[in-house]
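Okay, so here's the structure we're looking at.
First listed ligand is number 1; within each ligand, the first listed atom is number 1. The structure presented is a predicted model; accordingly, all values stated were derived computationally and were not measured.
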Amino acid sequence: MRIRGTRVCAGMGLAKVLVVESPFEVNLEERETLPAGERREKLSFHLALLEAEMTALSAQLFEKGGHDESEMLMMHLAMLQDDDFKESVCSFIEEGYSLAASIMRGAKEMGQLLIDSGDAYMAERAGDAEDIAFRLICHVKGAAFPSLACLAEPVIIAADDIGASLLMGADYEQIRGIVLSRGSKTAHISILAASLEIPMLINCGDLSVLYDQVRGNPDDCMFLNAVDGWASFRIPEEEREEAAKIKAAYEAEQAAREKYKAVEARTKDGRRIYVNGNIVETQAIDNILKYGGDGVGLFRTEFMFMNKKNLPSEDEQYAAYYTAAKKLNGRPLVIRTMDIGADKPVEALHLEPEENPFLGYRAIRICLGNQALFKTQLRAILRASVFGNVRILVPMISSMHELDQTIAALESAKADLDHEGIGYDKKIPLGIMIEIPSTAILADDFIKKADFFSIGSNDLTQYTLAVDRMNEKVQYLYNSLDPAVLRLIGNAINAAARAGKHCSLCGEMAAEAGSLPALIGMGLVSISVNPASILPLKRLIESLDYGELRKQYGEATLPIPASQTLPAGRG
Ligand code: PEP
Ligand code: MG
């Protein structure tokens, strides 16, 4: 049988299937005669046991380098420690429900609140609440929580849906793939699988026929093609050969990419192209280094502010920037100040809803309107700058006045640190995103004051063509290769080149095989992409001839900076 699904993480696997099912259903109507007081005591007892177990598991994960997984586990645990959750469970107990039913009812109630928040990310956490509640119920019932910790052989996991906590502490090496009948790309289980590079498909539909077939034929293998979005079980002879060929070709392609880990990206005719990685948290730097990336070209720091009750303190932010700078060991680290607003809401700021959020109060506009918030971040970045090659990048600059105000805010943060005797890189470069047409048009003026440019082609396309980048209905109009967008990109590249300053591009088009040749022909020497694209792009770059592309796309031969080394920034 063949199933189809949505790809969460590309890759292929060929292995036996392990169907993961809940050991029991929680009956939400179950009642219990045990006095409520005793059930409450039992709840506290099992909560304490689970806390101890999960804290130990989290520490183990942290030691093994799974910092994100460890933090995620603690986030799940925090849901159970929430006073509102405990109160709601107790009120169900008072109503006479059994302890197990009360816990699941409490988790569902919490989940509903998250769904009602109207925030897609928070809504995904509803599943996490039930996942962790189920773990607690297993404790209460003395049942074993399904575990993937000891797997005797490689397996592909098939399930209706699984919680992230099941994968944490699993024997990752033996997991060759995951297929889920439900799921979502932004659920923690998906984020985790992608970061562990486990091939995964979601939304595969009803898998009960597959489960029956697996029970009847436990030794048969599944071929999972999570590159093209399908999986086959009990493959007919003729398809088996085809599957083996596809897998072999894919593996050969993967192996061919391996050599690019150790080489710098150069075109056929020797032009050096710097391939950096985009990150939202510091652990992804490990992958950038693994793939031989040149540095971090875009640290989207706003993710540190999202989905939190409180804003991160200066020290918390400093810890992240310090970790990133240390990991990169002298390679460039471009930290973008918070690009908050529109599709990246920050609840802790309690901002008013707006009619046109993409054109509204967001990013640098919020920072300049809330100097204390901005200064906290600038101080944290400055303090970390002594530990590496740190650069500051500012999003959404649309007017010269904003750049002047940004420079003033940075100077003020520096003066405070000077006053306090705290060290920082006195020549830290300050760059701006070129993502608004007004700034791209006046690039020659902006580059006089900015130390470098980073072209945000995602927003530049949206704002130039008046096409909402999030709206499926108008996606057919969203084209980063539109001549108008290319003209603005060329304007920025040329302006930076004329000034002898650095220009990179960090939007999605940098990772597209159809766009990169044009960008390189236009003179771009530096890109920043998601870490998984680094190797394929190095390979692509090697096949390109800069001389030829220059003839095709370059308007004039301009002096292009020969390296990623920046001229001295502002002192
Ligand atoms: C961009 O707009 O191209 C960009 C890189 O920033 P973001 O996608 O975070 O808006
Ligand atoms: Mg942007």
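- Close approach to Arg469 involves these atoms of ligand 1, each under 4.0 Å from a residue heavy atom: 2 (O), 7 (P), 8 (O), 10 (O).
- If you check which protein heavy atom lies closest to atom 6 (O) of ligand 1, you get Arg336 NH1, 3.0 Å.
- One side chain, Arg550 or Tyr546, offers a donor N or O that lies under 3.5 Å from an acceptor on the other.
- Between Glu302 and Arg362 there is no salt bridge, since no side-chain N of the basic residue sits under 4.0 Å from a carboxylate O of the acidic one.
- For Glu435 and Thr439, the side-chain atoms include no donor-acceptor pair closer than 3.5 Å.
- No other N/O/S atom of Asp459 lies as close to the Mg ion (ligand 2) as OD2 does.
- If you check which protein heavy atom lies closest to atom 7 (P) of ligand 1, you get Arg300 NH2, 3.5 Å.
- Of the heavy atoms in Met396, none comes closer than 4.0 Å to ligand 1.
- Between Leu373 and Met338 the shortest side-chain heavy-atom distance falls below 4.5 Å.
- On a distance-only criterion, Asn458 and ligand 1 share at least one N/O pair closer than 3.5 Å.
- Residue Glu302 has no N or O atom closer than 3.5 Å to an N or O atom of ligand 1.
- Of all the atoms in ligand 1, the ones that sit under 4.0 Å from a non-hydrogen atom of Lys344 are 7 (P), 9 (O), 10 (O).
- Every atom of ligand 1 with a heavy atom of Asp339 under 4.0 Å away is listed here by number and element: 9 (O), 10 (O).
- The shortest separation from a heavy atom of Glu508 to ligand 1 is not under 4.0 Å, leaving the residue out of contact.
- Figure legend: Lys448 and Phe446 shown without cation-pi pairing, the cationic atom not lying both under 6.0 angstrom from the six-membered ring centre and within 45 degrees of its axis.
- Judged by distance alone, the side chains of Glu314 and Tyr318 never bring a donor and an acceptor atom under 3.5 Å apart.
- Of all atoms in ligand 1, listed by their number and element, those nearer than 4.0 Å to a heavy atom of Glu435 are 1 (C), 2 (O).
- The two residues Gly297 and Asn278 make their nearest non-hydrogen contact at C-OD1, 4.5 Å.
- Residue Met433 has at least one heavy-atom neighbour below 4.0 Å for each of these atoms of ligand 1: 4 (C), 5 (C), 6 (O).
- Residue Thr301 forms a side chain to side chain donor-acceptor pair (under 3.5 Å) with just one option from Arg336, Gln317, Glu281, Gln377, and that option is Gln377.
- Between the Mg ion (ligand 2) and Glu435 there is an N/O/S contact shorter than 2.8 Å.
- Contact check on Asp339 versus Arg300 returns no salt bridge, with no Lys/Arg side-chain nitrogen under 4.0 Å from an Asp/Glu carboxylate oxygen.
- For ligand 1 and Gly456, the ligand atoms under 4.0 Å from any heavy atom of the residue are 1 (C), 2 (O), 3 (O).
- Side-chain contact annotation: Thr461 with Ser480, donor-acceptor N/O pair under 3.5 Å present.
- Under a 4.0 Å criterion applied to the non-hydrogen atoms of Cys506, ligand 1 contributes the atoms 5 (C).
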